[in-house]
Amino acid sequence: MDFSLGCLIVESIDKLLIGRNCHNYSLYFRAELYRVKKVFDKAGPLYLEAINILQESFGPEDIRVGVTFHNLGQFYLVRRKLEDACICYEWALKIKGRVLGHGNID
């Protein structure tokens, strides 16, 4: 997908979504788009902002927080920030384990 087309899709989603939680999904989608397109300087801050909003909105143990921590870990891994990636993966595993059960493979 062309990067400008991806940005157009995200902007269209922005116009459809209303409210803080919906705005958070837009941040997350934009961060994912920037990560995939390797525009790392824009992706990192969006992940962090998305995590903050998710934690405030749904609590720190919500599965959406865990998924976003996992993706932030992937972001750090690609950037070769291995300690940061490990911390994010550990948070994601803790949350996913509590929510889904520690034996769950998802």
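Counting all heavy atoms, side chain and backbone alike, A50 lies closest to T68 at CB-CG2, 4.4 Å. In terms of heavy atoms, A31 sits closest to L46 at CB-CB, 3.7 Å. Nearest heavy-atom pair across R64 and F58 is NH2-CD2, 3.2 Å. Heavy-atom minimum distance, Y34 versus A43: CB-CB, 3.7 Å. In terms of heavy atoms, I95 sits closest to E61 at CG2-O, 3.4 Å. Q55 and F69 make their closest contact through NE2-CE1, 3.8 Å (heavy atoms, listed as atom of the first residue, atom of the second, distance).
When each of V67, I51, I87, L77 is checked for a side chain to side chain contact (heavy atoms under 4.5 Å, CB included) with L72, only I51 meets the rule.
By the rule that hydrophobic residues join a cluster once side-chain heavy atoms approach within less than 4.5 Å of another member, L54 and I63 end up as members of one cluster. Residues V78 and Y76 fall within the same hydrophobic cluster, defined by Ile, Leu, Val, Met, Phe, Trp and Tyr side chains chained together at heavy-atom separations under 4.5 Å. Note on L48: it does not cluster hydrophobically with V36, by side-chain heavy-atom contacts below 4.5 Å among ILVMFWY residues.
A distance of 12.5 Å separates CZ of R35 from CZ of R79, quoted to the nearest 0.5 Å.
Partners of D84 according to the salt bridge (Lys or Arg N to Asp or Glu O under 4.0 Å) rule, which considers only residues two or more places apart in sequence or in another chain, do not exist here. Every residue two or more places apart in sequence or in another chain that forms a ring pair (Phe, Tyr, Trp, His ring centres under 6.0 Å) with F75 is listed here: F40, Y47.
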